[in-house]
Protein chains: 2
Amino acid sequence: MQSDKYDKSKRFDKLKESKKIARKRPTINDVAQLANVSTATVSRCLSKPELVRLDVRTRVEASVVELGYVLDGAAKTLKTHQSKTIGVIVPTLEIGGYASAIQAFEKTVAAEKYTAILGVSDFDADKELQLAHNLAEKGVDGIMLIGMDSDDRLTSFLEKVHIPHVNSWHFRRDSKYHWVGFDNRAAIQAITSYVFQHGHRDVVFFVGGAEHANARTELRRQGFMDAISDYNLEFSEGLIFEVPYNSKASQLEFHRLWSLGNRPTAVICANDILAIGVLRACKKIGLRVPDDISVTGFDGLDIMADLWAPITTMAVPAKQIGEESGNCLLNLLTDKNPKTLTELHCTLVEGGSVKSLI
Amino acid sequence: MQSDKYDKSKRFDKLKESKKIARKRPTINDVAQLANVSTATVSRCLSKPELVRLDVRTRVEASVVELGYVLDGAAKTLKTHQSKTIGVIVPTLEIGGYASAIQAFEKTVAAEKYTAILGVSDFDADKELQLAHNLAEKGVDGIMLIGMDSDDRLTSFLEKVHIPHVNSWHFRRDSKYHWVGFDNRAAIQAITSYVFQHGHRDVVFFVGGAEHANARTELRRQGFMDAISDYNLEFSEGLIFEVPYNSKASQLEFHRLWSLGNRPTAVICANDILAIGVLRACKKIGLRVPDDISVTGFDGLDIMADLWAPITTMAVPAKQIGEESGNCLLNLLTDKNPKTLTELHCTLVEGGSVKSLI
DNA sequence: CTAAAAAATGTAATCGATTACATCAAAACT
DNA sequence: AGTTTTGATGTAATCGATTACATTTTTTAG
């Protein structure tokens, strides 16, 4: 307001000094000067070269190379409100399917010049929210959420800051948001039914839960119960074992269960990692699979076919999820209106770990 | 220069209009106005709250919440020349070890408020270079390179733009750059020697190569040859099989080799994926492992112990690599002077897939 | 050859923060 | 009380691009 209030001379001294000292990266101004054009022209050469006469363009390009000029994305983003950057929030990279999905996603969006920014939430909703905030500050144009049913805080935050997002891995039907995934409930129901079809009636269900519980866990439980009721079997909570998401945990849990005299004819696992743990327990106990006990997995890891007891599992379309999420988000970012639900399908991979009792 | 050259009135009309129309995110100005302080104070509340009187601070914080203010990282980066962002360039996420390393890296740098930006190079040096350029534009403060021996173009580019970087997975001793990794050559030599110690003399070496060749491939070849010469065996190029980095390829290659009458007593694989392929070929051919043929892997995937023939493999310290790379880069970014070489070690995991011939 | 239209280029305001320095206020000394 | 020190806050230049609009140059049409 009162601009005569301060003495400006000192400021300029400082400025001159720093110009001499600092070994900065060349800016668009330097390029413009060297090429003898205005910054506007340089900028156009970089983003809309067809607007610039050929001879000028080559001159500018030469200057860019000579100076080793690299555009300052921060300045560009500040002006354009576009970072050409997409955030990806994933619970963990240790789950192979997630890594595949991310890789496919990255490839898809990279084709449109978007760069992926990664956040690992460790299955922690608070951390997820914090990551989203961080990504918002970074100015991401969109966000891909993998494998968690984010709570309302997250989605409403994203809505408030106008960042479009895609949820992936599973989905909800009654949602205004965008989903790319498969039907967890139906898929678990399917593989459970497969086991029932083979004559099993005395089964238990291992599902990743405990500290890693999320909406998907719940859907999987329901899928299991659906199959139970399809076959008019009696359900009890005792059939479901929630264990942390790692082989060691499921190994111990199965071992415990068996030593307590619980003798199911089949163990249905909600993911392959748990199935591997069960398999290890079986080996220790001396159970043959599938002769003494049947075991199924879920995820469709390639390797399940090479285990000492090749495991029947449900293959999840991880790569497809990545691609479709990428496309969905790209559409969202260009104001095309992608469908809110892209339903993908799992495929049963028979490994032979389910014995027919009929 | 001639500022009286243009008519400015129209510009301002546009401006006012856009202010009315655009539904922008609140800026630091809005917060300042609402809290009745200057933007400087708001800024200080956010970055150095201890400099602001408590009552003012709470007022500002309340305004931040009320407006749902999110700081604009681009503006901050533009002014400070710091993005709090680190680029990660990886050949692929499909290799479990890389994913683990990245996850550990992300965790390490996230603790210091850095965010990871991901680039997948697909084992392509050109793409790698392009990714680095892209990351430089994004303003990353540093870069982590995984599993590739980047060519000089990359390192000299990074030097020119003043972006510190860490190379990981393997290392070079005679380098001014920073490395975190293990000695590929020595590790392959060790597992090869292990096989020789068990009396094998007729061995072949499967190494990921072909389109995915890189410096590491070469180091591994050398490690194999080192062991050969340690045992005074005769070397021939025919002992080395370069195959693409996937199980299918190694399966086919071993099958081909076997059908041509090549009958080694052991197959040494430079990674677990190739070993799995060989194992599959063995199963198809009807070879028992290790009774009819010995097979070793390299990577130390957990799952190798659960295969129908548990495979002896060399465990790579992936997580450690991620952590140490993170620390190294963090030090580099704070002008501490980390050592240029952090050598980590592999451990032999005996699966029982090597038969003793003695 | 001139006028009109189209193409190329330049000017300078602008995006939203940070921060050096100035200023003002309050506390601590004489 | 007056002076100095310390603490809190404000002012406004600055970072490096983009881009609306003005201006100049070139091309096309008459």
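The chains referred to below are lettered A, B, ... by the order of the sequence lines, with proteins before strands, and numbering in each begins at 1. Model, not experiment: these values are computed from the prediction.
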- Between P of D/dA8 and CZ of B/Arg59, the distance in whole Å: 14 Å

- Query: Which part of the nucleic acid, if any, lies within reach of B/Val56 when heavy atoms closer than 4.0 Å are counted: base, sugar-phosphate only, or nothing?
  - Reply: sugar-phosphate

- Query: Which nucleotide in the set D/dA17, C/dG16, D/dT9 lies at the smallest distance from any side-chain heavy atom of B/Val52?
  - Reply: D/dT9

- May I ask you to evaluate whether B/Thr27 reaches the phosphate of C/dG16, defined as a side-chain N or O under 4.0 Å from OP1 or OP2? no

- Message: Taking the basic N atoms (NZ, or NE/NH1/NH2) and the acidic carboxylate oxygens, is any pair closer than 4.0 Å for A/Glu159 and A/Lys176?
- Response: yes

- Query: Base, sugar-phosphate alone, or nothing: which one does B/Thr39 contact when heavy atoms must sit under 4.0 Å apart?
  - Reply: base

- note: B/Lys84, atom NZ; C/dT18, atom C1'; distance rounded to Å ~ 16 Å

- Message: Between P on C/dG16 and CD on A/Glu137, what's the gap in Å once rounded to a whole number?
- Response: 15 Å

- Task: Determine whether any donor atom in the side chain of B/Arg44 lies under 3.5 Å from an acceptor atom in the base of D/dG10, or the reverse, and answer yes or no.
- Result: yes

- Task: Can you tell me the distance, in whole Å, between the NE2 atom of B/His81 and the P atom of C/dT19?
- Result: 10 Å

- Whichever of B/Lys79 and B/Asp55 has its nearest DNA chain D nucleotide further upstream toward 5': B/Asp55

- Query: Just how far, in rounded Å, is P of C/dA20 from CG of B/Leu51?
  - Reply: 12 Å

- Item | Sidechain-backbone polar pair: B/Asp30 side chain, B/Thr27 backbone, donor-acceptor under 3.5 Å | yes

- Value in whole Å for how far the C1' atom of C/dT9 lies from CZ of A/Arg57: 15 Å

- What nucleic acid atoms does B/Val37 come within less than 4.0 Å of, heavy atoms only: base, sugar-phosphate, or nothing? sugar-phosphate

- Task: Using the ring pair (Phe, Tyr, Trp, His ring centres under 6.0 Å) rule, pick out the option among A/Tyr98, A/Trp179, A/Phe105 that qualifies with A/Trp169.
- Result: A/Tyr98

- Under 4.0 Å: is that the gap between some side-chain N or O of B/Thr41 and OP1 or OP2 of D/dG10? yes

- Message: The side chain of A/Leu78 is closest to which nucleotide in this list: C/dG16, D/dG10, C/dT18?
- Response: C/dG16

- Query: Across the strands shown, which category fits B/Ser43 at heavy-atom distances under 4.0 angstrom: base, sugar-phosphate, nothing?
  - Reply: base

- Can you figure out which of C/dG16, C/dT18, D/dT19 approaches the side chain of B/Lys76 most closely? C/dT18

- Task: Among D/dA17, D/dT9, C/dA17, find the nucleotide with the atom closest to the side chain of B/Tyr69.
- Result: C/dA17

- Message: By nearest atom, which of the nucleotides D/dT26, D/dT19, D/dG10 is closest to the A/Arg53 side chain?
- Response: D/dT26

- Item | Side chain of A/Ala40 (C-beta onward), nearest among C/dA17, D/dC15, C/dT11 | C/dT11

- Does a salt bridge link B/Arg153 with B/Asp126, judged by any charged N lying under 4.0 Å from a carboxylate O? yes

- Task: Look only at the side chain of A/Asp141 and the backbone of A/Ile86, and say whether a donor-acceptor pair between them is shorter than 3.5 Å.
- Result: no

- Please indicate whether B/Asp152 has more than 12 foreign heavy atoms, meaning atoms of other residues, nucleotides or ligands, lying under 6.0 Å from its CG. no

- Rounded off to whole Å, could you give me the CD-to-P distance for the B/Gln33 and D/dG10 pair? 13 Å

- Between D/dC15 atom P and A/Arg25 atom CZ, what is the distance in whole Å? 16 Å

